[in-house]
Amino acid sequence: MSETPSNTLQYRFDGPEDAPVLILGPSLGTTWHMWDRQVPELAQQWRVFRFDLPGHGGAPARPAGSVGDLTTRLLATLDGLGVHRFGYAGCALGGAVGVELALRHPERLASLALIAASPRFGTADEFRQRGVIVRTNGLDPIARSSPDRWFTGGFAAAQPAITEWAVQMVRTTDPGCYIAACEALASFDVRHELGRVGVPTLVLVGSEDRVTGPAEARTLVAGIPDSRLAVVPGASHLVPVEQPAAVTDLLVRHFGTAWQPAADATGQTVMPPVPPKPAPAAVPPQSAPVAEIAPPVAPPHTQGRPDRYETGMRVRREVLGDAHVDRVLAEAGDFAGDFQELLTRYAWGEVWDRPGLDRRTRSCVTLTALIAGGHLEELAPHVRAALRNGLTPDEIKEVLLQAAVYCGVPAASRAFRVAQQVVLEETTPSE
């Protein structure tokens, strides 16, 4: 077990201290105990390293809002332990960390296994709505529905103790960290980068997985050059728990063949050497690190003022959701397309992206302005946006009450009807 300073992750080791390190990454809502039944066999050959996500399994509640942030914390933890090169197997969100490692830090990774993973997990809207549900109702609705997402019906019925363990695991997670992890999955999309994954990769999926199923697994295999697919029959999303023996066997075979560490003169297993990095050119002390990818240089005619369209589209989708933005752009057609481009570039790329106010505050201002101007046809998507920007239903109610005083009771009355319906739709857990 570990002490956990800031910027690192809670972890534990199992297996011989002189063995090569194999990391097991957990999925959203689980702890390192999801790997308990793999560890005894894996630890015979590897030094098994397991970690907990922030706020999971009693880990410190320091939210990480992106897969990149989680990966940085994992590497900081490993750096502190002197672990420089390793094999990695991750499930779902843990798999996303594995892909991030392969893309951004390939010199650290010897071999990779992606379990119940995807290059993009559903849609951003789905995960942001899940965050709204947790913010409004707590984790209990998500916890109670977890067995349906994680296990086949037959397994859940036959293993009530494991089913209850799964429910309690989610229920005891820190809500803020769970919401941040949802945001990390919402923004994760590496569909166009898979060809740069350069390590031997096993893609493993349960045949009955309805969250990230065989179709997503085949997308990974089609994109990753050195990869192969394993479909485990009779298993759903949390396949290491539901079919532990099959998963253990597949991991042993993959890491035992795709990654074979060399032996030194004494016969002891040694870690493969980290490929040397090219010597950096001399730079002034305040310069950015040479290894960082430089931002693209704007064309000469825009260097003074960069085009904000791409930023605006990203912010617009994050705030309003993909479904709403796609619908508005489709309805605009050729006639109103230029107007939508103007909104994207200036309203969303310029004003909404300014650092002076956070998005919660901008949502409060926007709701009030829409009510004051009588623009209730625009109110519903912005109530939905306010929820996803972190406002609770009670806080939205306070905004509408304030608007009633300064914008008029009739306008606020209509606004309450619109907002009430949106809040009901967004905060009611799906069955």
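Just so it is clear, the structure is predicted and the values come from calculations on it, not from any experiment.
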Return all side-chain donor-acceptor pairs below 3.5 angstrom for residues 225-234, not counting sequence neighbours, or 'none' if the list is empty.
{"residue": "Ser227", "atom": "OG", "partner": "Val221", "partner atom": "O", "Å": "3.2"}
{"residue": "Ser227", "atom": "OG", "partner": "Ile224", "partner atom": "O", "Å": "2.8"}

Do NZ/NE/NH1/NH2 and the carboxylate oxygens of [X] and [Y] come within less than 4.0 Å?
{"X": "Asp358", "Y": "Arg360", "answer": "no"}
{"X": "Asp69", "Y": "Arg73", "answer": "yes"}
{"X": "Arg120", "Y": "Glu216", "answer": "no"}

**Prompt:** With a cut-off of 6.0 Å (strictly less than), are more than 12 heavy atoms of other residues, nucleotides or ligands near CZ of Arg345?
**Reply:** yes

**Message:** Counting only heavy atoms not in Gln420 (residues, nucleotides, ligands), do more than 12 fall under 6.0 Å from its CD?
**Reply:** no

Taking atom types as modelled, find out whether [X] and [Y] have a side-chain donor-acceptor pair closer than 3.5 angstrom.
{"X": "Gln168", "Y": "Glu164", "result": "yes"}
{"X": "Ser145", "Y": "Arg149", "result": "yes"}
{"X": "Asn389", "Y": "Ser363", "result": "yes"}
{"X": "Ser111", "Y": "His254", "result": "yes"}
{"X": "Arg130", "Y": "Tyr178", "result": "yes"}
{"X": "Gln340", "Y": "Arg316", "result": "yes"}

**Item:** Closest non-hydrogen atom pair between Ile396 and Ala386, with its separation
**Value:** CD1-CB, 4.0 Å

**Item:** Single hit among Glu183, Glu426, Glu318 for side chain to side chain donor-acceptor pair (under 3.5 Å) with Arg388
**Value:** Glu426

**Request:** Could you tell me which residues satisfy side-chain contact (heavy atoms from CB on, under 4.5 Å) with Asn137, sequence neighbours excluded, listed by chain and number?
**Result:** Ile133, Pro141, Thr427, Pro429

**Request:** Kindly say whether the aromatic ring centers of Phe86 and Phe49 come within a distance under 6.0 Å.
**Result:** no

